[in-house]
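Shown next, in structure tokens, is the structure this report addresses.
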Amino acid sequence: MAEIVAAALTAHAPLITGKPDVSRPEQRDRLYAGFHELRRRLAAARPDLLVMFVNDHLQNFAYDNLPAFCVGLAGSYEAPSPGGAGLMRLTPRTLRGHPEWAMALLEAGLAAGIDFAYSHDIESWDEMSVPLSFLLPEATIPVVTVYTNCAAPPLPLPRRCLEVGAFVGEFVRGRAAPPRVALIATGGLSHWVGTPETGRINPDWDHWALDHIARGDVAPLARLAWEEIERDGGNGGQEIRNWIALLGAVPGWKGEVLAYEPVAEWITGCATVWVHP
Amino acid sequence: MDHRLRDGVGASVIVISYALNKLLTAIARQHQMKERLTEEDMAGHALSDAERTALSAGDIGRLYELGANPYLIRRVFRRRFPI
């Protein structure tokens, strides 16, 4: 049966790659070092498939149709697309999907009462493009996405995200192939985007979350209410749902925080975390 | 039973303007940025007077109050943000 050989949590702000020059060099270098160490460990784990817990930013799912959870069945992902590449200062590129594996996940989910939506066509924004520009510089490994609505409230409960993640973890381990699977969740930590508090970061909340993750204590995160996250982590902090889903897939695993920087110029509390048994 | 969930049922705290978000989504998906919207930009959209006024002024705080999604406000009115 397949094995989860690597798991990581990272931030995903467009300015991380889009405006490296505006940040304080020491902060940028420490965060980039965290991404580079994740890449080294990920490559050493030799995964055959990346399963990504991510969220859209109204680029794909808008107010005419907003799935709480959506499995990406795409044969390929533009990450970034030519349209988004300028803002993120990345070269447009195409990543391979794994539609057969994704379809099996979708079917198994629906059969188990996990009411996934699905999409054959997803234009990645920073949620995939920015972290994978560090973690997967060569587009060698196929990617499957699980999108959770973190950006257009009302949002699914963090507790439900934990359950969905747990299901994905069981599904991965119950399949014979591909044998070596890596999990990556992106987003967060605290940031206020487009609200009257745009630019605020709350390192206290970020450290609270990271401390729990370091202990493998995900229950307090899963109990968070939307209002609490909005107050303490901002509307961008709602993306912690992706992290919670990943942690649900690897019960008992702990986080090793490789970098945490509240980067004011990128308006985001940015972390890179390796998650291990 | 999660008490927050039980107590929260039916007590909506989230303001959404579909008209604002539909228009801002269309602009954001074309990767366009604006200082303010023109009558031409808003033509054919079922916006309230308050929404038209806020869009015409590029009033990002007011748009948030009126139920525009903050990610869309940021995408379209990027230049209005000091950071």
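Note: hydrogens, waters and symmetry copies are ignored here, and every other heavy atom, side chains too, is used. Convention: sequence-line order gives letters A, B, ...; per-chain numbering from 1.
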Please classify the contact of Ile267(A) with chain B as side chain, backbone, both or neither, using a heavy-atom distance under 4.5 Å.
side chain
Considering non-hydrogen atoms only, spot the tightest contact between Ala62(A) and Arg29(B) and give its length.
CB-NH2, 3.5 Å
Pick from Ala151(A), Gly199(A), Gly236(A) with the largest number of heavy-atom pairs that fall under 4.5 Å of chain B
Ala151(A)
More than 12 heavy atoms of other residues, nucleotides or ligands under 6.0 Å from CG of Asp49(B): is that the case?
no
Minimum heavy-atom separation for Ala152(A) and Asn69(B), please, with both atom names.
CA-ND2, 3.7 Å
Interchain contact, Trp226(A) with chain B, by part (heavy-atom threshold 4.5 Å)
side chain
If I take atom OG1 from residue Thr25(B) and atom CG from residue Asn60(A), how far apart are they, to the nearest 0.5 angstrom?
11.5 Å
How long is the span from the CG atom in Leu87(A) to the CZ atom in Arg75(B), to the nearest 0.5 Å?
8.0 Å
Can you tell me which of Thr198(A), Leu15(A), Val22(A) forms the most heavy-atom pairs within a distance under 4.5 Å of chain B?
Thr198(A)
For atom CD of Glu26(A), is the number of surrounding heavy atoms from other residues, nucleotides or ligands below 6.0 Å larger than 12?
yes
Would you compute the distance between atom CG of Leu58(A) and atom CG of Leu24(B) and round it to the nearest 0.5 angstrom?
9.5 Å
Minimum-distance pair of heavy atoms, taken over all atoms of Gly194(A) and Tyr64(B)
O-CD1, 4.4 Å
State the CD1-CH2 distance between Ile83(B) and Trp192(A), to the nearest 0.5 angstrom.
13.5 Å
Atom CZ of Phe116(A): over 12 foreign heavy atoms under 6.0 Å
yes
Which atoms of Ile16(B) are under 4.5 Å from chain A, going by heavy atoms: the side chain, the backbone, both sets, or neither?
side chain
At a 4.5 Å cut-off on heavy atoms, which part of Arg78(B) comes close to chain A: side chain, backbone, both, or neither?
side chain
Is it the case that over 12 heavy atoms from other parts of the model lie below 6.0 angstrom from the NZ atom of Lys34(B)?
yes
Roughly how far, to the nearest 0.5 Å, is the OH atom of Tyr71(B) from the CD atom of Gln59(A)?
13.5 Å
